[in-house]
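Structure first, commentary second.
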Amino acid sequence: MKIDFASMNKEQKQLAFLGALVVVTLLYAGVVFGLMPMMDGWQNAKEELAELEEKLDRADRLVRRTQALRQELTESQEVLLRTSREYVPENENTLAWVTRRVYQKGRDLGVDIEAVVPSSSGFQLATLDRAKGTYDRYFDLYAVRITTNCDFAKALEFVSALEASNPYLVVGGLVVSANQNEPERHSVQIDVQWPLWVNAEGAAQIRKLEGEPHG
């Protein structure tokens with residue numbers, strides 16, 4: 001509706017002005033006391049939502065990293081258990097453990113093993129701290145001397161097979177002597193060293209890991 005101010009008298013104009021002032025005041029009050037607090041609330045909610053999303057993102061990264069660490073721990077444990085079982089002799093029956101593997105390898109290759117005896121040819125690695133009663137490492141070497149009678153090529157094949165069967169095994173010496181009665185065959189002595197737990201406690205701790213949950 002169009003208002004003709006020119007045709008209004010003074011009192012009508014004052015009433016119209018007062019009415020307009022009331023409308024403006026109400027609009028201002030609505031903005032200040034209604035819309036602005038609402039906008040402030042929206043801004044606070046937006047900031048809180050952004051903070052929450054950041055916390056959720058950090059938690060998600062932490063969960064993924066925790067899962068990866070558990071997987072790495074499981075794989076490392078499996079490698080440690082397998083290595084201990086397959087490559088490190090038992091402290092209680094060390095010679096029997098070694099002898100079984102040497103004779104089995106000989107049978108696999110058709111090499112007649114004559115003897116497997118403990119040897120002092122290997123180096124001693126671990127040093128005992130007598131004051132503390134502890135060693136400076138977990139492993140030492142266990143040495144044996146293997147005696148067989150075969151041709152030179154078969155002796156080398158046997159040595160290679162031993163080395164391939166255990167990545168921690170060390171061939172410390174190989175002596176080949178002529179056999180007057182059988183020139184094509186030789187008397188062979190092989191000095192071999194296996195890693196060995198310095199004491200049985202290390203092996204026992206490894207066995208305890210089997211089946212242990214990781215949280």
Side-chain angles (χ1 to χ4, degrees), residues 70-128 134-214:
R70 287 176 180 171
Q71 180 63 28
E72 291 174 9
L73 180 59
T74 298
E75 292 173 357
S76 297
Q77 177 177 304
E78 290 173 353
V79 170
L80 189 58
L81 286 167
R82 185 171 63 254
T83 298
S84 180
R85 283 194 302 263
E86 297 180 7
Y87 302 136
V88 183
E90 300 169 356
N91 288 73
E92 297 83 359
N93 303 291
T94 308
L95 181 59
W97 188 96
V98 169
T99 300
R100 283 197 304 271
R101 285 157 176 76
V102 171
Y103 274 89
Q104 182 60 56
K105 193 59 63 179
R107 285 192 295 270
D108 293 343
L109 298 176
V111 175
D112 184 21
I113 305 299
E114 296 179 353
V116 178
V117 297
S119 171
S120 58
S121 63
F123 296 102
Q124 184 176 357
L125 302 178
T127 302
L128 175 64
T134 58
Y135 289 90
D136 62 347
R137 62 185 64 213
Y138 294 104
F139 292 99
D140 208 334
L141 291 176
Y142 179 78
V144 299
R145 174 163 292 176
I146 304 169
T147 303
T148 182
N149 192 21
C150 62
D151 62 66
F152 186 69
K154 185 63 71 172
L156 292 182
E157 184 182 1
F158 178 69
V159 169
S160 297
L162 284 176
E163 290 178 325
S165 68
N166 189 332
Y168 307 104
L169 176 149
V170 176
V171 176
L174 175 63
V175 177
V176 180
S177 303
N179 189 333
Q180 298 297 331
N181 297 327
E182 297 179 274
E184 72 280 1
R185 296 169 67 86
H186 308 286
S187 178
V188 180
Q189 290 184 340
I190 310 167
D191 291 323
V192 184
Q193 290 126 32
W194 273 264
L196 181 68
W197 292 102
V198 170
N199 54 56
E201 182 180 352
Q205 289 177 344
I206 295 299
R207 286 195 293 268
K208 286 180 182 178
L209 293 176
E210 195 159 16
E212 184 174 306
H214 297 163

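Note: hydrogens, waters and symmetry copies are ignored here, and every other heavy atom, side chains too, is used.
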Under the rule for side chain to side chain donor-acceptor pair (under 3.5 Å), what residues qualify as partners of [X], not counting sequence neighbours?
X      : value
Asp112 : none
Arg107 : Gln104
Glu86  : none
Lys105 : none

Closest approach of [X] to [Y] (non-hydrogen atoms, all atoms of both residues):
X      : Y      : answer
Glu184 : Asp151 : O-CB, 3.2 Å
Ile113 : Gly106 : CG1-CA, 4.2 Å
Leu196 : Pro89  : CD1-O, 3.8 Å

Mind checking side-chain contact (heavy atoms from CB on, under 4.5 Å) for Asn149 and listing every partner two or more places apart, or none if nothing turns up? Glu114, Asn179, Glu182, Arg185

Using side-chain contact (heavy atoms from CB on, under 4.5 Å) as the criterion, list what pairs up with Val170, not counting sequence neighbours.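 Here the qualifying residues are Gln193.
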
Would you call [X] and [Y] a side-chain contact if the rule is heavy atoms closer than 4.5 Å?
X      : Y      : value
Val144 : Val117 : no
Leu95  : Pro118 : yes
Pro167 : Tyr87  : yes
Ile146 : Leu162 : yes

[X] side, atom [atom1]; [Y] side, atom [atom2] - distance, nearest 0.5 Å:
X      : Y      : atom1 : atom2 : result
Phe158 : Thr148 : CZ    : OG1   : 7.0 Å
Trp194 : Arg101 : CH2   : CZ    : 9.5 Å
Asp108 : Tyr103 : CG    : OH    : 14.5 Å
Asp191 : Leu174 : CG    : CG    : 9.0 Å
Ile190 : Ser119 : CD1   : OG    : 12.5 Å

Applying side chain to side chain contact (heavy atoms under 4.5 Å, CB included), run through Ser187 and Val176 and close with a yes or a no. CA-CA 6 Å; Ser187 178; Val176 180; over 6 Å; no

Please confirm whether the backbone N or O of Trp197 pairs with a side-chain atom of Asn91, one donor and one acceptor, at under 3.5 Å?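 It does hold such a pair.
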
Under 3.5 Å donor-acceptor, Lys154 side chain and Gly110 backbone: no

Passing candidate, side-chain contact (heavy atoms from CB on, under 4.5 Å) with Glu90, options Asn93, Val88, Thr94: Asn93

